[in-house]
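Data first, discussion second: the structure below is written as C-alpha cells.
What you are looking at is a predicted structure, and each value in this text was computed from that prediction instead of being measured. In what follows, chains are A, B, ... by sequence order, proteins preceding strands, each numbered from 1.
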Number of protein chains: 2
Amino acid sequence: MQKQETLSKNQKIILDLIEKSDQPLKAYSILFDVKKKGINAPLQVYRALNKLVKIGKIHKIESRNAFIACKNSKCQIAKATVFSICESCEDVTEIHDHKLSEHLRDFKDNKGMKYNKYNLEFFGLCKKCV
Amino acid sequence: MQKQETLSKNQKIILDLIEKSDQPLKAYSILFDVKKKGINAPLQVYRALNKLVKIGKIHKIESRNAFIACKNSKCQIAKATVFSICESCEDVTEIHDHKLSEHLRDFKDNKGMKYNKYNLEFFGLCKKCV
DNA sequence: AACGCTGTGTAATAATATAACATATTTAAG
DNA sequence: CTTAAATATGTTATATTATTACACAGCGTT
C-alpha cells in the first residue's frame, strides 16, 4: 500500500489500461491505445511495463508476449505466477491454488539451485471451447 | 522409435545442431549456423522448429525464446515441461521430478478447464552463480 | 551545488516470427 | 500405378516484439 502512490505518469496510464482489461494486452496494442494520452513510442510502453512487472502490478504471459493485471493484492512481487490459457479462445486466468503454490515454493531440484521465482502456464480448452 | 526416421532434411539438420548444444539456441543463431548447409531463410528454421516442438524432440523456453533438445526419451510429446533457469549465466536444465509431475498432471482448477499441456520455468541462481 | 536515482522523449535499429506464393516430395487410397 | 492429400521446400516480403543510444528533467540526499 505504499508503492501504488509512487507510480509515474506513464506507469499509471498503462496500469489503468491493463487493469481495465480482464485479458492480457500486447505491448503494441497498449501503445496504440495510449497514443491519445501522449505516449508515442514503444520504449515508453516497455519501460512502464517492465517496472509494473517488477513491482508485481502486472504479469507477463511468456508464451503469449502479453501482459495482464495481477488481481491478487498479496502478490506484491512477481515471483510466483500460475496461469491457465485456453488454446482456442486465448482466455487467460491467473490461478491461486494454495496446495500447488506450496509444492512449487518447496520444490528442490538436485542441482542445488536456489529459486526465487517461477512461472507456470497450463494450456487446454476452457469450458466454452471444449 | 519411429518418428525419428521420418524427419525431413531440414528437420534433421536443425535437430542435430540443437542436440549438440546442451544449452538453448535461438532461432536466428540456428539460422546463422545452418546457412552453410543450405538453409537460407528464417521461415525454413521456424518450420523445422515448430515441427520438432510438436513431436517433442525439442522444447521452447518461452521466457527466453530459445529451443533446447529434449533428453528424455519418454518425452515423445511436448506436453509437460519443467525447466530451471539461472538468471545470471542463463544456464537452462530440464527437470524431471516424479512428484512434481504428478502434482501438475493431477492439478484441477475450479474453472473446469481440461489441461493437456503445461510449461513451468523456475528462475534463480545456479551453484556457480550464487 | 553536485550527485545519484528514476523517469521522460525521440530516433533508429535489433531480434523474433509469420504471410503469401510457387513448387516439390512423400504417403495413402482407389 | 496413378491420383489426391498431406507434408515439406524455397523465396520474398513483411509483421511483431523489444532494445540501444542519446539528451535531458525532476527529485531527494549530502
Side-chain angles (χ1 to χ4, degrees), chain A residues 2-18 21 23-68 78 85 87 90 92 119 121, chain B residues 2-18 23-68 78 87 90 92 119 121:
Chain A
Q2 47 173 349
K3 292 275 175 183
Q4 180 108 351
E5 277 70 14
T6 71
L7 289 181
S8 75
K9 180 172 81 47
N10 289 0
Q11 288 159 11
K12 268 181 223 145
I13 291 170
I14 286 171
L15 178 57
D16 272 5
L17 183 68
I18 297 176
S21 167
Q23 285 302 300
L25 298 179
K26 304 213 148 208
Y28 276 73
S29 113
I30 292 169
L31 175 58
F32 179 86
D33 286 345
V34 298
K35 280 209 161 141
K36 44 185 167 282
K37 305 238 177 187
I39 295 178
N40 301 302
L43 190 46
Q44 295 175 287
V45 173
Y46 280 105
R47 283 197 284 225
L49 289 173
N50 289 341
K51 178 64 185 290
L52 293 168
V53 165
K54 200 187 272 179
I55 64 175
K57 288 293 177 188
I58 65 174
H59 302 301
K60 181 171 188 181
I61 312 297
E62 293 287 356
S63 67
R64 299 299 187 260
N65 300 315
F67 300 84
I68 193 167
I85 303 172
E87 291 187 300
E90 291 292 322
V92 173
N119 178 60
E121 299 180 8
Chain B
Q2 46 173 351
K3 292 275 173 183
Q4 179 106 356
E5 279 69 15
T6 70
L7 291 180
S8 74
K9 180 171 78 54
N10 289 0
Q11 289 158 11
K12 267 181 222 146
I13 291 170
I14 286 171
L15 179 57
D16 272 5
L17 183 67
I18 297 176
Q23 285 303 299
L25 298 179
K26 303 214 146 207
Y28 277 72
S29 113
I30 292 169
L31 175 58
F32 180 86
D33 285 346
V34 298
K35 279 209 162 140
K36 44 185 168 281
K37 304 237 178 187
I39 296 177
N40 301 302
L43 191 47
Q44 294 175 288
V45 172
Y46 279 104
R47 284 198 282 225
L49 288 173
N50 290 341
K51 179 63 185 288
L52 293 169
V53 165
K54 198 188 274 177
I55 65 176
K57 289 293 177 187
I58 64 175
H59 302 302
K60 182 172 186 179
I61 313 297
E62 293 287 356
S63 67
R64 298 299 186 260
N65 300 314
F67 301 84
I68 193 167
E87 291 187 299
E90 291 292 322
V92 173
N119 179 60
E121 299 180 9

Is any side-chain heavy atom of Ile39(A) closer than 4.5 Å to one of Ile30(A)? no
Between dT17(D) and Tyr28(A), is there a base-stacking contact, meaning the centre of the base's six-membered ring lies under 5.5 Å from the residue's ring centre while the planes stay under 30° apart? yes
Heavy-atom contacts under 4.0 Å between residues 34-41 of chain A and DNA chain D, which residues? none
Nearest-nucleotide pick for Gln11(B), side chain only, options being dG9(C), dT17(D), dA8(D): dA8(D)
Taking the side chain from Glu121(B) and the backbone from Glu62(B), do they hold a donor-acceptor pair closer than 3.5 Å? yes
Does a side-chain N or O of Lys26(B) approach OP1 or OP2 of dT16(C) to a distance below 4.0 Å, or not? yes
In the structure I gave you, are the side-chain heavy atoms of Lys54(A) and Asn50(A) within less than 4.5 Å of one another anywhere? no
Are any non-hydrogen side-chain atoms of Leu15(B) and Gln11(B) less than 4.5 angstrom apart? no
Can you check whether Lys60(A) has a side-chain N or O nearer than 4.0 Å to OP1 or OP2 of dA18(D)? yes
Nearest whole Å is fine: how far is dT9(D) P from Lys12(B) NZ? 10 Å
Within this structure, what is the CG-to-C1' distance between Leu7(B) and dT9(D), rounded to whole angstrom? 15 Å
Could you state the atom-to-atom distance from CD1 of Ile14(A) to P of dG9(C) in whole Å? 10 Å
State, with a plain yes or no, whether a side-chain heavy atom of Arg64(A) is found less than 4.5 Å away from one of Ile85(A). yes
Specify the residues of residues 42-51 of chain A, ordered by number, for which at least one heavy atom lies under 4.0 angstrom from an atom of DNA chain C. Leu43(A), Gln44(A), Arg47(A), Lys51(A)
Is the closest side-chain heavy-atom distance between Lys60(A) and Ile68(A) below 4.5 Å? no
Would you mind reading off the distance between Phe32(B) atom CZ and dT16(C) atom P, rounded to a whole angstrom? 15 Å
Whole angstrom is fine here: how far is it from NZ in Lys9(A) over to C1' in dC27(D)? 17 Å
Specify the separation, in whole Å, of atom CG of Leu52(B) and atom C1' of dT7(D). 14 Å
Hey, does the side chain of Asn40(B) reach the backbone of Gly38(B) with a donor-acceptor pair shorter than 3.5 angstrom? yes
Does dA17(C) have OP1 or OP2 under 4.0 Å away from a side-chain N or O of Asn65(B)? yes
Figure out the CZ/P separation between Phe67(A) and dT16(D), and round it to whole Å. 16 Å
Beyond-backbone contact of Leu7(B) with Leu52(B), side-chain heavy atoms, under 4.5 angstrom: yes
Residue-phosphate contact under 4.0 Å: Ser8(A) side-chain N/O, dT8(C) OP1/OP2: yes
Is there side-chain contact between Ile14(A) and Ile58(A), with at least one heavy-atom pair below 4.5 Å? no
Interatomic distance where CG belongs to Leu25(A) and P belongs to dT17(D) [whole Å]: 12 Å
